[in-house]
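Read the structure below first, then the notes.
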Number of protein chains: 2
Amino acid sequence: MTSPAAAKPIRTAITDEDGIDFAIIELFFFAYRDFTSDPDQILADYGFGRAHHRVLHFVNRRPGLTVAELLDVLKITKQSLARVLKQLIDTDHIVQVQGPRDRRQRELYPTAKGRALALALARPQSRRIRAALEDSGTTERATIERFLEAMVNPELRAQIDIVPAQTSGKNHGDH
Amino acid sequence: MTSPAAAKPIRTAITDEDGIDFAIIELFFFAYRDFTSDPDQILADYGFGRAHHRVLHFVNRRPGLTVAELLDVLKITKQSLARVLKQLIDTDHIVQVQGPRDRRQRELYPTAKGRALALALARPQSRRIRAALEDSGTTERATIERFLEAMVNPELRAQIDIVPAQTSGKNHGDH
DNA sequence: AAATTACGTCAATAGTACTGACATAATTGC
DNA sequence: GCAATTATGTCAGTACTATTGACGTAATTT
C-alpha cells in the first residue's frame, strides 16, 4: 500500500459540478439493484436465476414468440438462451409449439405453471412500484413513463410497443 | 416438442389487467439495459467489466471509503471485490491509503487516471439522461428523482444521501 | 494476553454470458 | 428437383462475476 511510485490520491468527491448527472446515475443504480432483488429471492427457491426470469417474462408478455424473436429482445446469444430455456421447458413452465406457417419455428408459450410463476415474480416488483407512486397522480406517472421510455435506445423502442395498452390493436401485424 | 403429457400452452398475453404494473416493469428493464450498455463498450477496451465500473464509481463518489464500506454499498462479498479491486489498483486507477485513525483500514482513493476513467464512463450515461429529460422542467426532474429514490429499500436509502447536494455539509460525520 | 476487527488470499463452485463449429429439418429460389 | 438459406439445437471451450468456506496477518479493543 502506498507503494513507491504510487500515483497521488484525489481526495475530493466527483460531483455534478463535473457536468455529469451523478445524482440520477446513482439513483438509477440503487433503484434497479433493489428492484431486481425482489424476484431474485423467489427464483432462488426454484434454482433459477435472473435469466430464467427474463425469458419467463417475455414469453408471458408475447405468447407465441419464436426463439429468434426472444434472442432479439434479450440481446443474448442462442447458446446462452439454450440452457435456460431447456430448464424452463423441462420444468413445465414453458412449452414449444411448432410454428403453423413455418414448421421450423418453435413458438413459445407459458403453461399455467409458467404463468403463475411469472405473476409471482412480478408481484413484489409491482408492489414496489405502486408504493413508489403512492402519492403520484396521472401526470407524475406519465412523466416517469416518458422518462424511462426515452432512456431506451430509439432503434429498440419498437420492442416496448409490442403489447400496447391492453384493448387496442392486437398486434402491429408483421414489422 | 409437444411431448406426450405436455401442459397446455396459454395463448393470451399477461397484461396490466392481472393487477400487475407490467408497463413500468418492462420499461425499467429496457431502460436499465441500455443505460448500462454505454459504459460497457468503453470498459471492454480496458478488459474491465461492470464490476470495475461500480467500484470506480463509488470510490470517486466517496473518496476515502474503506473496503468494508464499499462492500456494504455494493452488496457483494469480500472475495468478489478482491480481484476487481486488485486490478484497479494494479492499473493505477485506485490507490489505497492506510487509515489515519485505524491503521488496519485501507482508505480507497481514485488517482487522476481513475477519476478520468470514471468521468469517461459516466459521460454517455449523463448524455442519455439529459436527452431523456430534454423537454422536462424542474418539476418533472423532481418527480423522477423522487420516484427512483422511492424504489430503493428504505433501510438502504441512507447510502444515497452520503454525497449531499454539493455545497452543503461535507459529510454527516459518523452515522 | 485474549478476543475482535479489517483486510487479504487460497480453493472450489455456480450462473450467465461469450465465440466457433457443426447437425438437422424445413423453406425458398432457381 | 436440387442447392442455398433459415430456424433451431447442441457441443466444446472460455471468461467474468459472483458465491461459500477457510485461513493468515496486523492492529485495535477489552
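Within every chain, numbering begins at 1; the chains are lettered A, B, ... in the order of the sequence lines, protein sequences first and strands thereafter. Because the structure is predicted, anything quoted here is derived from the model rather than measured.
The distance from atom CD of B:Q105 to atom P of C:dT5 is 13 Å, rounded to the nearest whole Å. Rounding to whole angstrom units, CG of residue A:L70 and C1' of D:dA7 are separated by 14 Å. Following rounding to the nearest Å, A:Q87 (CD) and D:dG9 (P) show an atom-to-atom distance of 15 Å. Look at CG on B:L71: it is 14 Å from C1' on C:dT9, rounded to the nearest Å. D:dG9 atom C1' lies 11 Å from atom CD1 of A:I89, rounded to whole Å. Regarding B:D72, its CG atom lies at a distance of 12 Å from the P atom of C:dA6, rounded to whole Å. Separating the CD1 atom of B:I94 from the P atom of C:dC7 is a distance of 14 Å, rounded to the nearest angstrom. Regarding B:D40, its CG atom lies at a distance of 12 Å from the C1' atom of D:dC16, rounded to whole Å.
In terms of hydrophobic clustering, with Ile, Leu, Val, Met, Phe, Trp and Tyr side chains grouped at heavy-atom distances under 4.5 Å, A:L70 and A:L117 are assigned to a common cluster.
Taking 3.5 Å as the limit, the base of D:dG21 and the side chain of B:Q79 contain a donor-acceptor pair of atoms between them.
Distances shown here put a side-chain N or O of B:R83 below 4.0 Å from the OP1 or OP2 atom of D:dT17. The phosphate of C:dC18 has OP1 or OP2 within less than 4.0 Å of a side-chain N or O from A:S80. For D:dT19, the OP1/OP2 oxygens have a side-chain nitrogen or oxygen of B:T77 closer than 4.0 Å.
In terms of position along DNA chain C, the nucleotide closest to B:L85 lies nearer the 5' end than the nucleotide closest to the other residue of the pair A:V84 and B:L85.
Using a 4.5 Å heavy-atom threshold, the side chains of B:R130 and B:E134 count as separate. For the pair A:R115 and B:T12, the minimum side-chain heavy-atom distance is below 4.5 Å.
If you check the side chains of B:R33 and A:N153, you find no donor sitting under 3.5 Å from an acceptor.
Between B:V55 and B:L74 the shortest heavy-atom distance is CG2-CD1, 3.9 Å.
Residues forming a ring-ring contact (aromatic ring centres under 6.0 Å, His included) with A:F29 (at least two apart in sequence, or on another chain): B:F58.
The aromatic rings of A:F28 and B:Y32 lie tilted to each other, with the angle between the two planes from 30° to 60°.
By the 6.0 Å and 45° rule, B:R11 stacks over the aromatic ring of A:Y109.
Near-neighbour residues of DNA chain C inside residues 45-57 of chain A, defined by a heavy atom below 4.0 Å, number-ordered: A:G49, A:R50, A:A51, A:H52, A:R54.
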Would you please test A:Q87 and A:H93 for side chain to side chain donor-acceptor pair (under 3.5 Å) and show each step? CA-CA 9 Å; A:Q87 287 177 328; A:H93 288 97; over 6 Å; no
Nucleotide N/O to protein N/O under 3.5 Å, stretch nucleotides 24-30 of chain D:
from	atom 1	to	atom 2	distance (Å)
D:dT28	OP1	B:R103	N	3.4

